[in-house]
S.K.: 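Let me give you the structure first, and then I'll get to my questions.
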Amino acid sequence: MPPGPPPHPTELFTQRLLLVLTGHKPPYWFARHTAAQAYDDLLWLLARRPLGTRGPLPTIHRIGHFEPATGTYEVFARITAGRRLHALAFRLHLSRDRRWRVTAVELDGRPPRDTY
C-alpha cells in the first residue's frame, strides 16, 4: 500500500504542541518552530500545566483552521484530557525560509500573558 499524503501543517503542529503542553516533550524541542512571542506564550501555559503530565496523551477530537492570508493559518482544536474538554488555538505562519512557525498560542481561551 503506498504511503498517504503528508499531514497538513495544522495537524502536524497541533500534535507537536500537544506533546509539549502535556510534558511529553520539553519546550526547547519546540522552540525552533516558534517566532515572535509564541515561545513565551508556550512557557506561560506550561507554568500553569493546564493539560497535566500524568496519564495517557490527551486526544485531539477536531482540528479546524481559517486562512486569513496566504501563508497564514488561524488554527483551533478540541482536545480531551481525562474528562475535560480543552480549546487550543494558535497561529501558523510560513516564514521566508519556507518553514512553518507558530507565532501565537492560547489554551482554553486564556490570554497567554497578562494583558490587562
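Treat the numbers as computed from the prediction; the structure is a model and nothing was measured.
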S.K.: What class does the angle between the rings of His33 and Phe30 fall in, given that below 30° is parallel, 30 to 60° is tilted and above 60° is perpendicular?
M.R.: tilted
S.K.: Between Phe90 and Phe13, is any pair of side-chain heavy atoms under 4.5 Å apart?
M.R.: yes
S.K.: Tell me the closest heavy-atom pair linking Ala81 and Pro58, and the distance in Å.
M.R.: CB-CG, 3.9 Å
S.K.: List the residues meeting side chain to side chain donor-acceptor pair (under 3.5 Å) with Gln15, not counting sequence neighbours, and say none if there are none.
M.R.: none
S.K.: A side-chain contact here means heavy atoms from C-beta on lying under 4.5 Å apart; do His8 and Tyr73 qualify?
M.R.: yes
S.K.: Judged by atom type as modelled, is there a donor-acceptor pair below 3.5 Å linking the side chain of Arg101 to the main-chain atoms of Ala38?
M.R.: no
S.K.: Mind jotting down which residue pairs meet the side chain to side chain donor-acceptor pair (under 3.5 Å) criterion with at least one end in residues 57-71? Sequence neighbours excluded, please.
M.R.: His61-Thr80
S.K.: Is any side-chain heavy atom of His86 closer than 4.5 Å to one of Leu107?
M.R.: yes
S.K.: Do Leu42 and Gln37 have side chains that approach each other closer than 4.5 Å (heavy atoms only, starting at C-beta)?
M.R.: no
S.K.: By the definition side chain to side chain contact (heavy atoms under 4.5 Å, CB included), identify the one residue from Thr103, Val105, Val75 that meets it with Arg91.
M.R.: Thr103
S.K.: Using side-chain heavy atoms (C-beta onward) and a distance below 4.5 Å, is Leu88 in contact with Ile60?
M.R.: no
S.K.: Answer yes or no: is there a side-chain heavy-atom contact under 4.5 Å between Leu18 and Leu51?
M.R.: yes
S.K.: For Pro27, check side-chain contact (heavy atoms from CB on, under 4.5 Å) against everything at least two apart and list the hits.
M.R.: Val20, Tyr39, Leu43, Leu46
S.K.: Below 4.5 Å, heavy atoms only, C-beta onward: do Arg78 and Leu85 meet side chain to side chain?
M.R.: yes
S.K.: Is there a side-chain contact between Leu21 and Lys25 in this structure, where contact means two heavy atoms from C-beta onward sitting under 4.5 Å apart?
M.R.: no
S.K.: Write down the atom of Gly71, the atom of Trp100, and the distance for their closest heavy-atom approach.
M.R.: O-CZ3, 3.5 Å
S.K.: Honestly curious: do Val102 and Leu94 fall in one hydrophobic cluster under the side-chain, below-4.5 Å linking rule?
M.R.: yes
